[in-house]
Amino acid sequence: MLSVTGLESGYGRARVLFGVSLEVGPGQLVCVMGRNGVGKTTLLNTVMGVLPATAGTVTFDGRDVTRLKPHERVRLGMGYVPQGHQCFPQLSVLGNLLVTVEAAKQPRSAVDEALDVFPALKPLLKRSAGHLSGGQQQQLAMARALVTRPRMLILDEPTEGIQPSIIVEIEAAIERLHASGLAVLLVEQYLDIALRLADTFVILDGGHVVRTGAAGDLHKEDVRRLLAV
Amino acid sequence: MTAFVNQLPIGLSIGAVLLLIALGLTFTFGQMGVINMAHGSFIMAGAYTAYLLQDFVLALPAAFVVAGAMGLVLERLAIRHLYGRPLDTLLLTWGVSLVLQQLARDLFGAPNVQVTAPSWLSGGVGILPYNRLFIMGLAVAGVVGVWFYLTRTGLGRRTQAVVQNRQLAATSGIDTGRVDMLTFFIGSGLAGVAGVAVTLIGPVGPALGDYYIVDAFLVVVAGGLGQLRGAVLAALGLGLLNSYAEFWSDASLAKVIVFAVIIAFLQIRPQGMFVLRSRALT
Amino acid sequence: MIRRHLPFATVAVIALVAAPLLLEPFRLGLLAKYLCYAIVALGIGLAWGKGGMLTLGQGVFFGLGGYSMAMYLKLTEAGAGGLPDFMVWSGVETLPALWVPFANPVFALGMAVLGPVAIALILGTLVFRQRVRGAYFAILTQALAAAMVILLVGQQGLTGGTNGMTNFFELFGQDLAEDSTQRGLYLVVASVLGVLYLATRQLVNSRYGRLLVAVRDGEDRVRFLGYDPALVKTVTFAVSAGMAGLAGALFVPVVGIISPALLGVVPSLELVVAVAVGGRHALAGAVLGAVVMGYAKTAFSEQFADGWLYLQGALFILVMTLAPKGIAGISRSIAGRLRHARAT
Amino acid sequence: EPAAQSSEIKVGLLHSLSGTMAISEVTVRDAELLAIEEINKAGGVLGKKLVPVVEDGASDWPTFAEKATKLIRQDKVATVFGGWTSASRKAMLPVFERYKALLWYPVQYEGLESSPYIFYTGATTNQQIIPGLDYLKEQGKKKLFLVGSDYVFPRTANKIIKAYAAANGMEILGEEYTPLGHTEYSTLVNKVTGAKPDAVFNTLNGDSNVAFFKQLKSAGATAESMPVLSVSIAEEEVTGIGVDNIVGQPVAWNYYQTTETPANEAFVKAYKARYGAGKVTSDPMEAGYNAVYLWAEAVKKAGTTEVEAVKKAAPGIALERPEGLVTIDGENQHMYKTARIGIIQPDGLIKQVWDSGKPIKPDPYLKGYPWAASLSAG
Amino acid sequence: MLELRDVQVIFDGFRALDGVDLTVPEGELRFLIGPNGAGKTTLIDVITGLTRPAAGSVRFGGADLVGRKEHQIVRMGVGRTFQTSVVFEALTVVENLDLAATFRKPLWSLTRRRDGVSEAVEEALVRTGLEELAERSAGVLSHGQRQWLEIGMLLAQRPKLLLLDEPVAGMSKDERERTGELLTEIADDHTVIVVEHDMEFLRRHASVVTVLHEGKVLVEGSVDQVSADPRVQEVYLGRRASDAVGNRP
Ligand SMILES: Nc1ncnc2c1ncn2[C@@H]1O[C@H](COP(=O)(O)OP(=O)(O)OP(=O)(O)O)[C@@H](O)[C@H]1O
Ligand SMILES: Nc1ncnc2c1ncn2[C@@H]1O[C@H](COP(=O)(O)OP(=O)(O)OP(=O)(O)O)[C@@H](O)[C@H]1O
Ligand SMILES: NC(N)=O
Ligand SMILES: [Mg+2]
Ligand SMILES: [Mg+2]
């Protein structure tokens with residue numbers, strides 16, 4: 001589904017990623033892990049085209065998307081939830097969802113489906129998104145990615161700031177989507193969630209892939225060691 | 001006494017002119033955050049379009065397209081490199097306005113030119129000439145159109161999304177480049193329409209834009225950035241204030257009074273009449 | 001230490017020794033004028049570049065300084081009845097009370113600086129306390145410039161109206177027409193600029209400078225560090241206003257005229273543009289920008305009296321799009337690249 | 001090199017080619033260039049060709065001063081032709097006096113000035129404003145409303161008008177000023193029409209005239225019901241205002257394109273041939289055109305371009321110009337000029353309806369008018 | 001000691017806080033939890049002067065905080081971090097910390113250059129593990145590094161009352177552990193309020209927990225008491241989740 005080979009990118013003259021390669025097969029859930037500042041967000045941003053790749057390629061569904069603009073990647077079926085509960089602050093919650101569903105050229109019913117996954121948003125539809133609490137915004141961000149009806153979800157710490165009961169639901173939702181054939185590329189700090197969900201792991205350190213493998217092959221202690229400071 | 005009463009419709013009609021020239025700015029400045037000093041030049045371009053066509057009615061849509069196209073070119077060539085740096089766009093667009101003004105001087109000559117107003121616009125009811133009524137009508141139509149576009153169409157929503165979070169908009173599937181172009185096209189086009197309208201009441205020359213640009217910004221600022229209803233109220237308020245202040249004093253003092261009132265007003269409402277508050281820190 | 005001051009020292013020697021020797025009096029006068037603008041630009045560099053306050057009304061402060069000085073100069077040479085020439089032809093019969101203290105040079109010079117400072121303090125306190133900022137502040141100061149011009153023009157008997165004031169003969173007993181006086185003035189302007197530059201550089205490199213940058217980038221966050229951003233901004237704005245006022249006071253004897261045209265929207269904008277062209281993030285950039293833009297305007301308009309606006313406009317457009325950090329940014333990135341190349 | 005030994009004589013042309021005043025000044029510059037070309041074609045001055053050095057005053061008074069300095073000190077021009085607004089003249093005056101160089105100023109103005117280094121080829125007040133008032137009085141207009149731009153010329157002109165009115169049994173119903181470049185006249189028009197004057201005396205300058213006349217016309221005021229006498233609207237401005245909006249209104253000048261003299265026939269023909277058949281000529285253009293010829297004549301008489309010699313040679317020089325006989329007054333370096341009142345025609349040209357019969361002696365301080373005694377007191 | 005009485009916050013008719021009473025004695029590490037949108041951040045906003053309550057009182061060390069400006073409250077010894085971290089990107093990490101540490105100095109004394117690193121800053125650097133990044137500009141920090149810098153700035157302020165809004169969000173496990181220890185240590189002689197959703201973190205470091213729900217205090221008690229409370233399970237932990245999350249390794 002998604003294949004990243006030899007990806008390099010960074011900010012200005014500062015290089016952050018050094019030849020990262022990874023593979024997300026159809027319907028597969030790959031979890032990217034690593035300590036703070038190793039380049040996880042940079043990786044996802046480069047995969048989405050927010051940052052230009054200085055070397056390497058990104059192929060989605062057999063198509064080279066390395067030079068495509070972010071919105072073109074979205075329209076090909078890549079749904080992205082960036083880190084840090086982002087939203088369009090002055091649009092209403094419904095406006096946030098509508099603008100996304102329209103941009104992705106999906107039917108309005110996609111909004112209702114997403115709201116079923118995040119029912120806590122339903123009473124908030126008319127509120128300005130900027131006024132929501134952090135956790136509410138994060139739920140909105142997830143919902144926004146869902147309304148594009150992606151074929152692959154790219155999630156950067158989706159559970160950050162979310163209350164426990166909803167984390168469980170998000171986890172369940174990801175599991176459900178994954179089960180229904182959606183590919184997922186996930187960055188997650190909660191190790192146990194990652195362990196439960198992932199088919200494959202990629203562990204980053206200093207912009208390099210230091211470990212990769214099937215979930216079953218990796219021992220928890222092993223992972224922990226690699227993630228330790 | 002009648003002269004005093006007359007100032008009311010005069011104030012409203014001044015307000016309508018202000019509103020019309022500021023309407024485009026609610027897009028380029030209010031929506032996109034571009035402090036577009038070339039707005040005045042687009043007004044001028046609209047006026048010269050009317051001069052070239054010498055057909056007032058035809059000039060309205062034509063000026064929209066001409067000025068809009070100029071705005072679009074400006075956006076593509078230059079402004080798009082400067083998003084997120086609103087204060088820099090001010091300087092850039094000012095440079096553009098210098099060039100356009102000199103260009104007009106070379107193309108059409110330094111002296112003013114004349115646009116013949118259609119005969120059905122001569123005459124009037126009471127104190128208000130038909131041409132003033134026409135400008136008021138045009139302003140109302142413009143406001144309704146802009147309101148509809150911004151709040152009732154997906155494009156309007158996309159415009160807002162891009163302004164509020166450009167990167168998120170892109171990763172939400174919005175073609176930000178197209179939205180920018182379109183927004184700039186409409187904002188500049190509206191300036192062009194205003195340019196046609198002001199040929200009814202003022203000079204048509206290379207410096208045309210200079211006469212309106214400061215007022216246009218004040219309207220948008222006093223109303224609250226990107227707030228249509230704010231712009232409407234601010235324009236009418238400033239129009240009335242101007243008309244009565246000038247009636248009681250003189251044109252110079254009236255302008256000073258208007259500025260003073262705006263500064264005082266921003267003491268009460270520092271972000272203009274209407275603000276969308278955000279929880280985010282800046 | 002020496003390395004840090006070497007560029008400044010080089011420029012200072014060129015400006016104070018070489019320029020007066022090499023340039024014709026007329027050109028030296030022009031350079032003095034650019035340096036006056038550079039003083040204003042320094043203030044803008046501080047307020048805008050470091051503090052994020054885009055002031056489009058700096059001409060107002062410049063003008064206040066200029067008018068204070070001009071009032072003094074007019075009074076030293078006033079003819080019949082102690083009235084300046086323009087009052088005579090405006091039909092004013094007795095010297096307005098406002099004018100009386102300006103016969104004292106200390107008062108006039110003091111007002112040239114303290115007047116702008118006071119106005120900036122008042123305005124700053126009002127608007128910054130209310131958290132007016134960004135584009136609002138920019139447009140507001142622009143309106144202030146527009147209003148100021150109208151006010152000055154309307155008070156012809158008091159200010160000389162559109163004409164402003166001109167026709168000055170002497171300053172502290174020195175004949176302004178003499179080339180030697182002009183050379184002396186040039187040296188004064190250049191020295192003032194140098195001193196202010198060093199002082200401003202000290203300021204931006206201090207903790208206060210860091211605080212200013214923090215206020216620029218996150219005013220609201222600064223509050224939660226225990227500082228009052230309104231105070232920081234007001235003080236900075238007042239400092240920049242004082243510099244503009246001083247520049248205006250120097251400008252008048254150098255150029256020989258002050259008029260509302262010098263402090264309106266356009267000249268205020270031109271100064272900001274100069275700062276942007278030079279590079280607003282560096283104080284040296286602001287100074288350089290003012291000199292370069294001043295020179296460019298003179299050179300373009302002398303070479304192409306008919307089409308120089310194209311060149312001037314094109315220059316802004318190119319700089320803003322191709323080198324958004326201005327001349328200082330270009331030189332810095334070249335320096336950075338060289339260092340990078342040497343390192344690898 | 002010293003100008004005397006070269007085969008060329010440099011002269012400076014200093015007008016606003018950009019900014020608000022470009023509207024008016026560009027054409028004056030063009031007329032001056034035409035005069036230079038004609039003189040060169042006829043063999044130049046003292047056997048030397050005139051070489052114009054053109055600078056842009058940019059509608060900015062300090063720039064006028066700077067460029068004047070440049071022309072004098074750097075280019076070492078023999079003389080400068082330039083300026084339009086009184087403000088630009090006031091800014092240049094000290095420069096010319098300081099460097100003892102010559103300026104030829106071609107526009108009507110408010111008087112009360114006579115610099116030894118300026119020649120004034122436009123009208124002073126007794127050659128334009130006072131004849132204009134005489135005309136209104138003759139027409140039986142007793143109640144006037146004064147409208148002007150907010151600067152020295154209109155304010156001084158209006159002071160003269162008020163003094164004249166007081167002495168001549170006329171009433172001033174109102175006096176209003178608007179900033180230069182002002183374009184919103186509905187309130188002012190309301191005030192004027194509300195006051196019901198017999199006539200309006202208009203000293204607005206520049207673009208404001210367009211807005212004023214358009215809005216006056218929309219308000220239903222006509223030249224018959226309420227004539228507006230203007231002193232700053234010439235043929236050039238009429239096109240921009242729109243003939244419809246101003247037809248029938250009186251203006252006061254010394255020259256119109258239609259003025260019937262042999263010299264004018266040639267001038268208009270040459271101007272159109274040079275700049276296009278659609279172009280019109282106007283009073284300030286003619287005054288600028290004259291200035292070049294008058295200076296050339298003085299140089300010929302003096303046999304040198306040296307300033308003091310030229311100043312000495314100039315008084316009494318009399319030339320048949322497009323406006324008729326123009327003589328340099330030795331007392332104040334102004335010109336004897338014929339005053340003319342004209343009415344704007346549907347074709348945009350101006351038809352003369354009255355003239356002073358003979359050139360009027362310039363009187364910048366209005367010393368010859370007892371009622372004006374208080375004005376020139378200073 | 002911090003004392004809130006009957007605090008009400010209303011946004012356009014919406015009651016974000018609805019009569020909150022809260023008392024936190026000196027030297028306590030208090031955890032504040034509750035569903036998304038319960039009003040936790042709003043509560044911190046009220047204490048720090050960012051949001052003005054419609055009614056109620058906020059007293060700290062005997063003084064009333066309501067109506068004071070943000071920076072005045074900081075000067076009284078109340079510091080906070082933000083849920084979405086805001087650091088000064090154009091300044092280096094040290095400069096960010098130094099700015100936080102020097103607010104008590106008079107403004108004019110700031111016109112001198114900073115020489116070296118003050119004790120408070122040094123300590124903050126060490127405690128946040130940002131030593132290596134000290135001279136980097138804050139703009140290049142990753143999400144988690146920014147969280148650390150926020151905490152560092154709070155420490156450098158040396159406040160008496162520390163309010164932390166989800167300080168460990170986005171941090172890796174080890175870092176959470178480190179943060180927890182740090183907070184416990186500080187709470188010895190300071191008052192600390194921490195908003196967190198990470199129940200495991202809570203279990204390890206919390207003694208007293210206040211649960212907020214729909215703008216009201218739902219329950220207050222020890223971690224065990226609170227997580228056993230059916231209402232908390234209902235609105236916050238989730239029935240199924242209470243075990244799942246609670247049993248994290
Ligand atoms: N805008 C930027 N400019 C320069 N450098 C940056 C920028 N953003 C991040 N970096 C640097 O790139 C590196 C990787 O950052 P990134 O945000 O990808 O980390 P991350 O793995 O997502 O960390 P976290 O878990 O904290 O979110 C960091 O060392 C950071 O310092
Ligand atoms: N300025 C505002 N305008 C309108 N509603 C607001 C505003 N600020 C907060 N709210 C609302 O108040 C409620 C409480 O928000 P708050 O941010 O305090 O929640 P929280 O408990 O911090 O949640 P989270 O755990 O998700 O961060 C939310 O429903 C939010 O939408
Ligand atoms: N002299 C003039 N018209 O200003
Ligand atoms: Mg990250
Ligand atoms: Mg919160």
Side-chain angles (χ1 to χ4, degrees), chain C residues 1 4-5 45-46 48-52 121 124-125 128-131 196 198-239 279-283 324-325 329 332 336, chain E residues 44-45 47-50 68-82 84-92 94-115 118 121 137-139 146 149-150 152-154 156-159 162-163 165:
Chain C
M1 193 66 186
R4 204 171 67 210
H5 290 292
L46 178 68
W48 179 38
K50 298 295 168 185
L121 283 178
T125 310
F128 295 134
R129 205 196 35 178
Q130 284 301 317
R131 305 183 185 181
L196 287 178
L198 287 178
T200 314
R201 193 167 74 171
Q202 166 66 25
L203 192 66
V204 304
N205 286 332
S206 72
R207 283 188 164 123
Y208 187 89
R210 301 290 176 259
L211 177 57
L212 195 55
V213 168
V215 168
R216 175 190 77 193
D217 293 344
E219 181 175 337
D220 288 333
R221 182 69 176 93
V222 167
R223 295 178 211 287
F224 292 97
L225 296 184
Y227 302 95
D228 181 6
L231 182 66
V232 177
K233 287 170 92 166
T234 305
V235 168
T236 310
F237 186 46
V239 169
R280 73 173 121 129
H281 295 294
L283 292 175
K325 294 204 170 137
R332 197 174 290 180
Chain E
I44 293 184
D45 290 350
I47 298 169
T48 55
L50 187 58
R68 287 181 205 262
K69 295 204 167 140
E70 296 96 318
H71 67 274
Q72 292 168 335
I73 294 176
V74 174
R75 284 169 175 266
M76 295 172 67
V78 180
R80 71 172 289 182
T81 66
F82 286 87
T84 311
S85 55
V86 194
V87 297
F88 301 108
E89 306 197 348
L91 303 182
T92 65
V94 180
E95 285 168 348
N96 269 277
L97 294 171
D98 186 68
L99 210 54
T102 47
F103 72 93
R104 286 189 187 82
K105 299 195 178 182
L107 201 55
W108 55 264
S109 80
L110 298 187
T111 54
R112 255 170 285 139
R113 256 176 221 259
R114 168 176 68 83
D115 53 58
S118 72
V121 173
S137 81
R146 278 169 198 243
L149 181 52
E150 277 257 347
M153 285 158 77
L154 179 62
Q157 275 184 311
R158 302 210 157 148
L162 295 83
L163 306 161
D165 200 351

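Letters A, B, ... mirror the listed sequences (proteins, then strands); counts begin at 1.
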- Message: Using 0.5 Å steps for rounding, measure from the CE atom of E:M153 to the CZ atom of C:F224.
- Response: 12.0 Å
- Measuring from E:R113:CZ to C:L203:CG, what's the distance to the nearest 0.5 Å? 11.0 Å
- Message: With rounding to the nearest 0.5 angstrom, report the CG to CG distance, C:D217 to E:L91.
- Response: 7.0 Å
- Sort C:V222 into side chain, backbone, both or neither according to what part of it lies under 4.5 angstrom from a heavy atom of chain E. both
- Message: For the interface with chain C, which of E:R80, E:E89, E:R104 has the highest count of heavy-atom pairs at distances below 4.5 Å?
- Response: E:R80
- Beyond-backbone contact of E:F82 with C:D220, side-chain heavy atoms, under 4.5 angstrom: no
- Message: Restricting to non-hydrogen atoms, name the atom on E:A90 and the atom on C:R216 that form the minimum distance, rounded to 0.1 Å.
- Response: CB-NH2, 3.7 Å
- Message: Tell me whether C:R223 contacts the main-chain N or O of E:H71 through its side chain, where contact means a donor paired with an acceptor under 3.5 Å.
- Response: no
- Query: For the atom pair CD (E:E150) and CZ (C:R221), what is the distance rounded to the nearest 0.5 Å?
  - Reply: 4.5 Å
- 4.5 Å side-chain heavy-atom contact, C:Y227 and E:T102: yes
- Message: Just so I know, are the side chains of C:L225 and E:V74 near enough to count as touching, which here means a heavy-atom distance under 4.5 Å?
- Response: no
- Message: So, taking the atom named CG in E:D98 and the one named CZ in C:R210, what distance separates them when rounded to the nearest 0.5 Å?
- Response: 9.5 Å
- Note on the structure: To the nearest 0.5 Å, atom CZ of E:F103 lies from atom CG of C:L211 at 12.5 Å
- Going by heavy atoms in the side chains, are C:Q202 and E:T111 under 4.5 Å from each other? no
